[in-house]
Amino acid sequence: MSDRQIQQLIADLVPHGARVLDLGCGDGALLAHLCEARGCHGYGIELDDAQVLACLKRGLDVLQFNLEEGLSMFADDSFDVVLQIDTLPHLRNAETMLRETARVGRSAIVAFPNFAHWPNRLRVLAGRMPVTKRLPYQWYDTPNIRVGTFADFEVLAQRLGLHVEDAFGLENGRVVRTLPNLLASTAVFKLTQR
């Protein structure tokens, strides 16, 4: 599945005209798409200098700071949707950031590589760490602090009192709703506060 396909499937979850906060927005491709195709507006947050510059070149509003410091500058329900696309694996305190995401957004969309995807399981069974398109790094040079699974995230969301409005996997350009923990390389959750 290409980044563009993932981007479109995630964009379809965002209401037209929504006020959006994109955490770890990278080069701003998703936020730019939401602004252009869905009439959204909002901010990206990114730490990396080159990525911030790429966002600015796209004409996006971007704030440069470390998400580990939290989102205290934003009031409760400041945004219609808060995006965390491939952000959680890079955070030291994922649980706190999920709480903050739910606090500042009326809803949240979280997506991350699903470590329980069947090819990853086979690789671990063979005694090796998986290296795939969604997990492209060797164990010794990965920027990921942690890996997660679809099933583990469901448990965490429940423990944090978050309502899973929609959940599915993505694999080879299609949405996977049957056995996504096994059959999907990407996990996607749309969450709201209970």
Side-chain angles (χ1 to χ4, degrees), residues 1-113 133-137 141-148 153 160 162 165-166 170 186-193:
M1 174 173 280
S2 73
D3 290 339
R4 195 126 178 102
Q5 288 172 306
I6 293 171
Q7 175 180 297
Q8 186 56 53
L9 288 167
I10 290 169
D12 289 345
L13 297 172
V14 178
H16 285 274
R19 184 165 163 79
V20 176
L21 179 64
D22 189 352
L23 304 177
C25 65
D27 67 2
L30 176 57
L31 187 56
H33 176 73
L34 290 170
C35 293
E36 293 163 10
R38 300 191 68 85
C40 297
H41 58 281
Y43 299 94
I45 295 179
E46 180 57 53
L47 184 60
D48 181 81
D49 292 338
Q51 300 286 38
V52 170
L53 183 59
C55 289
L56 293 172
K57 286 181 179 178
R58 290 181 188 268
L60 298 171
D61 293 323
V62 62
L63 304 169
Q64 184 175 26
F65 71 89
N66 189 341
L67 288 172
E68 300 289 355
E69 297 172 13
L71 300 174
S72 61
M73 77 282 295
F74 299 112
D76 295 359
D77 294 330
S78 296
F79 298 90
D80 298 313
V81 179
V82 177
L83 302 171
Q84 278 199 41
I85 311 306
D86 291 340
T87 304
L88 281 181
H90 304 283
L91 298 174
R92 294 194 189 287
N93 199 336
E95 186 176 342
T96 299
M97 187 50 61
L98 277 175
R99 283 192 182 110
E100 282 288 276
T101 296
R103 180 186 65 77
V104 302
R106 290 181 183 87
S107 69
I109 299 170
V110 178
F112 55 91
K133 285 183 182 179
R134 290 295 289 139
L135 296 165
Y137 300 97
D141 70 352
T142 182
N144 295 331
I145 295 170
R146 63 183 42 81
V147 292
F153 190 85
L160 294 177
L162 300 173
E165 189 174 298
D166 196 5
L170 299 175
T186 300
V188 180
F189 288 83
K190 185 169 185 179
L191 308 164
T192 57
Q193 287 278 13

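Numbers here simply count residues along the sequence, with the first being 1. Side chains included, hydrogens not; waters and symmetry mates left out as well; all remaining heavy atoms used.
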Out of Leu88, Val82, Val110, which residue meets the side chain to side chain contact (heavy atoms under 4.5 Å, CB included) rule with Leu23? Val82
Taken in chain and number order and not counting sequence neighbours, the residues that satisfy salt bridge (charged side-chain N to carboxylate O under 4.0 Å, His left out) with Glu95 are Arg99, Arg159
Working to the nearest 0.5 angstrom, can you tell me the gap between Arg106 CZ and Gln193 CD? 12.5 Å
Minimal non-hydrogen separation, Ala102 against Leu162, with atom names: CB-CD2, 3.4 Å
Compare every heavy atom of Pro113 with every heavy atom of Leu135, then report the nearest pair and how far apart it is. CD2-CB, 3.6 Å
Chi angles and distances behind the side-chain contact (heavy atoms from CB on, under 4.5 Å) call for Cys55, Leu31: CA-CA 9 Å; Cys55 289; Leu31 187 56; over 6 Å; no
Distance col, row Asp61:CG vs Cys35:SG, nearest 0.5 angstrom, shows 8.5 Å
Does Glu46 reach the main-chain N or O of Gln51 with its side chain, forming a donor-acceptor pair under 3.5 Å? no
On a heavy-atom basis, which atom in Ile109 and which in Ile85 lie closest, and how many Å separate them? O-CD1, 3.9 Å
Evaluate the side-chain contact (heavy atoms from CB on, under 4.5 Å) criterion for residues Leu91 and Glu68: first the C-alpha distance (whole Å), next the side-chain angles of each, then the deciding distance (0.1 Å), finally the verdict. CA-CA 7 Å; Leu91 298 174; Glu68 300 289 355; 3.7 Å; yes
Show the numbers, then the answer: is there a side-chain contact (heavy atoms from CB on, under 4.5 Å) between Leu98 and Gln84? CA-CA 9 Å; Leu98 277 175; Gln84 278 199 41; 4.2 Å; yes
More than 12 heavy atoms of other residues, nucleotides or ligands under 6.0 Å from CZ of Phe79: is that the case? yes
To the nearest 0.5 Å, atom CG of Asp12 lies from atom CD of Gln7 at 10.5 Å
May I have the step-by-step check of salt bridge (Lys or Arg N to Asp or Glu O under 4.0 Å) for Arg134 and Asp86, ending in yes or no? CA-CA 10 Å; Arg134 290 295 289 139; Asp86 291 340; 2.8 Å; yes
Take Arg103 and Asp76 through the test salt bridge (Lys or Arg N to Asp or Glu O under 4.0 Å) and record every step on the way to the result. CA-CA 5 Å; Arg103 180 186 65 77; Asp76 295 359; 2.9 Å; yes
Leu71 side chain near Ile45 side chain, heavy-atom distance below 4.5 Å: yes
Backbone N or O of Val147 within a donor-acceptor pair of the Asn144 side chain at under 3.5 Å? no
Shortest non-hydrogen separation from Val81 to Pro15 and the atoms involved: CG2-CD, 3.9 Å
Contact between Thr87 and Leu67 at the side-chain level, heavy atoms closer than 4.5 Å - yes or no? yes
Would you say the side chain of Cys25 lies within less than 4.5 Å of the side chain of Val62, judging by non-hydrogen atoms? yes
If you take all heavy atoms of Asp27 and Arg58, which pair is closest and at what distance? O-NE, 2.8 Å
So, taking the atom named CZ in Phe65 and the one named CG in Leu47, what distance separates them when rounded to the nearest 0.5 Å? 9.5 Å
Please report the closest heavy-atom contact between Ser107 and Lys190, naming both atoms and the distance. OG-CE, 4.0 Å
Atom NE2 in His16, atom CG in Asp80: separation rounded to 0.5 Å? 13.5 Å
From CA spacing to verdict: side-chain contact (heavy atoms from CB on, under 4.5 Å), Leu191, Phe153: CA-CA 11 Å; Leu191 308 164; Phe153 190 85; 3.9 Å; yes
How long is the span from the CE atom in Met73 to the CG atom in Leu63, to the nearest 0.5 Å? 7.0 Å
Is there a side-chain contact between Leu83 and Leu34 (heavy atoms, below 4.5 Å)? yes
